[in-house]
Amino acid sequence: MKKIVIFGVGLIGGSVALALKKAGSAAQITGVGRSTESLQSALDLGVIDVACNDVSQAVHNADIVLVAAPVAQTASILTAIKPALAANTVITDAGSTKSDVLACAQEILGEQFSQFVGGHPIAGAEKSGVTAATTDLYRNKNVVLTPTEATNADAVQRVRELWQHCGANVTEMPAATHDSIFAAVSHLPHLLAFALVDDIASRQNAEQLFGFAASGFRDFTRIAGSHPEMWRDISLANRTALLNEITAYQDELSRLKQMLELSDGDALHALFDRASTARNNWAKLKEQ
């Protein structure tokens, strides 16, 4: 690859750039973004080689275009780059939802949809922006690709290799399967963390509550420090699957509430034991 263009040089896009540089890639990395200040920071930090606000110029002769901006910006970015896309330019994204992104790409790119490969790196942090980018964000992390029957096989391979150069483990699955899985294990936990912090912060004695909050509150709510715009977009984009997960969680809370109302210690212990065992088994697998 000689030229890679990244739309959105924040935590995700910036970490891709840094990982590729660490891996010895000689590709020129061009950054495109809404904030001139952010792009200048990316240049100053050596994350990107070129900053460009002219979309046609940025995409010209690009081998790969990575859309690492919030998912709600995907449509406008694809619309802007379509006239400048070469027949061999591969387009991919790093969004946390995939069915909506693929539908958007198919509608906008038309015949060039075969050049688009949906992607989602399962890595991140509660901090955002290019200053939070790191070289090892994707090392030994999972990246999911969601190609369709129309996706060019060579395009999939090139995106796979991109992430492998970043140190990631790459898997493939249908977009609907991806969205269902991550509504449960990623999107719902973020909503719960945001909701708890918002609830505590809105109380009259919020200062006192935060003053006594310790490690349990810190660990549970860490992800509530995440990028609000990004999580607004994710929540709306995956709303159907997320609504199903919220309903399932409400049912679980109702059962828990009933156990408390009945002072049913045996049922509480059984639930806590199942959850503790499942959590510890998962943690052991992640350590291997």
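Values below: all heavy atoms of this structure, side chains included; hydrogens, waters and symmetry mates excluded.
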Determine whether I81 and V5 fall in the same hydrophobic cluster, where Ile, Leu, Val, Met, Phe, Trp and Tyr are linked whenever their side-chain heavy atoms lie under 4.5 Å apart.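 Hydrophobic grouping puts I81 with V5.
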Would you say F116 and V144 are hydrophobically clustered, going by side-chain heavy atoms of ILVMFWY under 4.5 Å?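 No.
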Does the [X] side chain pair with the main chain of [Y], one donor and one acceptor, at a distance under 3.5 Å?
X	Y	result
T221	F217	yes
N281	T277	yes
D179	K98	yes
K82	I108	yes
N169	N142	no
N205	Q208	no
S180	A176	no

More than 12 heavy atoms from other groups under 6.0 Å of CD on E229: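 Yes, because the 6.0 Å sphere around CD of E229 holds more than 12 heavy atoms from other groups.
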Kindly check if the number of other-residue, nucleotide or ligand heavy atoms within 6.0 Å of CG (D219) is above 12?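 More than 12 within 6.0 Å, yes.
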Kindly give the heavy-atom pair with the smallest separation between [X] and [Y], and that separation in Å.
X	Y	result
F7	V55	CZ-CG1, 4.2 Å
L188	E245	CD2-O, 4.0 Å
T92	G118	OG1-C, 4.4 Å
T134	S15	N-OG, 3.0 Å

Measure up the W231 and H190 rings against each other and bin them: parallel (under 30°), tilted (30 to 60°), perpendicular (over 60°).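 W231 and H190: parallel rings.
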Ionic contact status for R255 with E252, cut-off 4.0 Å: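 Salt bridge flag = yes for R255 with E252.
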Distance-only donor-acceptor check, side chains S41 and S38, under 3.5 Å: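 No donor-acceptor contact under 3.5 Å links the two side chains.
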